[in-house]
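Below, each value reflects all heavy atoms present in this structure, side chains not excepted, and no hydrogens, waters or symmetry copies. Just so you know, residue 1 is the first one in the sequence shown, and it goes up from there.
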Amino acid sequence: MRKENFKTIARNKKAYHDYFVEESFEAGIELCGTEVKSLRGGGCNLKDAWCSVDDGELVVHGMRISPYEHGNIYNRDPVRTRRLLMHKKEIMHLFGKVKQQGYSLIPLSVYFKGSLVKVQVGLCRGKKLYDKRADLAARAAKRDIDRAMKAHLQ
């Protein structure tokens with residue numbers, strides 16, 4: 001059995017603040033030109049990215065891959081729409097969930113799996129304001145407990 005190595009390029013921290021992640025799926029991504037070289041340098045941002053199903057294909061919008069600094073005519077538009085690669089059955093499952101139950105498709109992270117670039121797509125449900133406040137309060141409480149434990153142990 002081959003051991004896979006994972007190297008995270010970018011994470012969408014805002015997605016975990018704004019959404020409940022119900023399920024997550026792994027998808028490949030179609031890249032052009034020097035985009036892989038730019039990703040190896042860490043030039044990716046998922047802050048305002050989302051996914052949709054267009055004509056039976058899963059695409060990601062708003063994902064920014066910075067232009068490769070040593071590139072030339074092969075650099076593409078940094079925020080262009082990119083196609084995600086999944087089986088048609090998985091895409092139709094996601095499409096059905098989004099249309100019937102009001103979920104959103106949000107890219108959670110971009111990473112290298114071996115030499116391939118993968119995108120983790122989450123099937124997400126939006127949080128209400130009180131849910132966000134509860135999460136912030138729980139995170140602050142956990143941080144205070146950790147500080148107190150660290151001070152007590154020293």
Side-chain angles (χ1 to χ4, degrees), residues 1-139 142:
M1 187 170 172
R2 195 172 98 195
K3 182 180 176 186
E4 296 286 345
N5 59 353
F6 294 92
K7 179 186 174 210
T8 302
I9 301 166
R11 292 185 55 85
N12 192 349
K13 293 178 185 177
K14 187 176 182 217
Y16 290 101
H17 176 71
D18 292 339
Y19 298 97
F20 292 112
V21 179
E22 303 289 330
E23 294 181 67
S24 65
F25 301 89
E26 181 180 77
I29 186 167
E30 187 176 69
L31 300 171
C32 298
T34 57
E35 289 177 329
V36 174
K37 290 182 179 181
S38 180
L39 288 175
R40 288 196 191 283
C44 184
N45 187 347
L46 295 173
K47 184 177 178 185
D48 294 322
W50 78 96
C51 299
S52 66
V53 178
D54 297 336
D55 296 328
E57 294 182 340
L58 186 63
V59 293
V60 63
H61 305 272
M63 182 172 100
R64 179 176 172 74
I65 297 178
S66 301
Y68 183 57
E69 59 190 42
H70 300 296
N72 47 23
I73 61 170
Y74 299 110
N75 282 338
R76 300 292 177 112
D77 180 22
V79 291
R80 70 181 179 85
T81 301
R82 293 171 179 88
R83 189 168 64 142
L84 297 178
L85 308 173
M86 291 178 78
H87 291 286
K88 186 68 90 177
K89 187 175 180 180
E90 290 176 315
I91 293 173
M92 289 301 115
H93 168 73
L94 291 174
F95 181 69
K97 289 269 192 171
V98 168
K99 287 299 177 194
Q100 290 179 356
Q101 298 174 358
Y103 285 104
S104 299
L105 294 173
I106 306 295
L108 302 174
S109 65
V110 178
Y111 56 92
F112 281 106
K113 184 177 182 181
S115 62
L116 303 174
V117 179
K118 299 288 185 174
V119 178
Q120 182 184 14
V121 178
L123 187 61
C124 302
R125 185 171 41 89
K127 288 183 180 178
K128 303 286 186 201
L129 183 59
Y130 57 83
D131 291 327
K132 293 178 187 178
R133 287 182 183 152
D135 283 350
L136 289 173
R139 193 168 38 236
K142 183 182 181 317

State the [atom1]-[atom2] distance between [X] and [Y], to the nearest 0.5 angstrom.
X: L84; Y: L58; atom1: CG; atom2: CG; value: 4.5 Å
X: L46; Y: R11; atom1: CG; atom2: CZ; value: 10.0 Å
X: L105; Y: F95; atom1: CG; atom2: CZ; value: 10.5 Å
X: R40; Y: K37; atom1: CZ; atom2: NZ; value: 10.0 Å
X: E90; Y: E26; atom1: CD; atom2: CD; value: 9.5 Å
X: K47; Y: R64; atom1: NZ; atom2: CZ; value: 13.0 Å

Donor-acceptor check, side chain of [X] to backbone of [Y], threshold 3.5 angstrom: yes or no?
X: N12; Y: P107; result: yes
X: R83; Y: E57; result: no
X: K7; Y: Y111; result: no
X: S38; Y: S66; result: yes

Point to revise | SB check D48 K14 (cutoff 4.0 Å) | key: yes
Point to revise | Pair K97 + E22: basic N to acidic O under 4.0 Å | key: no
Exercise for review: Decide side-chain contact (heavy atoms from CB on, under 4.5 Å) for V98 and V53; before the verdict, give the C-alpha distance in whole Å, the side-chain angles of both, and the deciding distance to 0.1 Å.
Suggested key: CA-CA 9 Å; V98 168; V53 178; over 6 Å; no
State, yes or no, whether a side-chain contact exists between [X] and [Y] at a heavy-atom distance under 4.5 Å.
X: S52; Y: H61; answer: yes
X: V60; Y: T81; answer: no
X: V119; Y: S109; answer: no
X: V117; Y: L31; answer: yes

Check your understanding: For F112 and I9, what are the C-alpha separation, side-chain angles and deciding distance, and is it a side-chain contact (heavy atoms from CB on, under 4.5 Å)?
Key -> CA-CA 7 Å; F112 281 106; I9 301 166; 3.4 Å; yes
For [X] and [Y], work out which heavy atoms get closest and say how close.
X: G56; Y: K88; result: O-NZ, 3.1 Å
X: L108; Y: A15; result: CD2-CB, 3.9 Å
X: C44; Y: M63; result: SG-CG, 4.2 Å

Review point. So I29 and L85, side-chain contact (heavy atoms from CB on, under 4.5 Å) or not? Walk me through it.
Key: CA-CA 6 Å; I29 186 167; L85 308 173; over 6 Å; no
Exercise for review: With sequence neighbours excluded, tell me which residues meet salt bridge (charged side-chain N to carboxylate O under 4.0 Å, His left out) with K99.
Suggested key: none
Review point. Got a sec: does the CD of Q100 have more than 12 other heavy atoms crowding it under 6.0 Å?
Key: no
Exercise for review: Would you kindly check if the NZ (Lys) or CZ (Arg) of K127 is within the cone defined by 45 degrees around the ring axis of Y19 and under 6.0 Å from the six-membered ring centre?
Suggested key: no
Review point. Can you say whether the rings of F25 and H93 are parallel (under 30°), tilted (30 to 60°) or perpendicular (over 60°)?
Key: perpendicular
Review point. Between R80 and E35, does a salt bridge (Lys or Arg N to Asp or Glu O under 4.0 Å) hold up when you go through it step by step?
Key: CA-CA 12 Å; R80 70 181 179 85; E35 289 177 329; 2.9 Å; yes
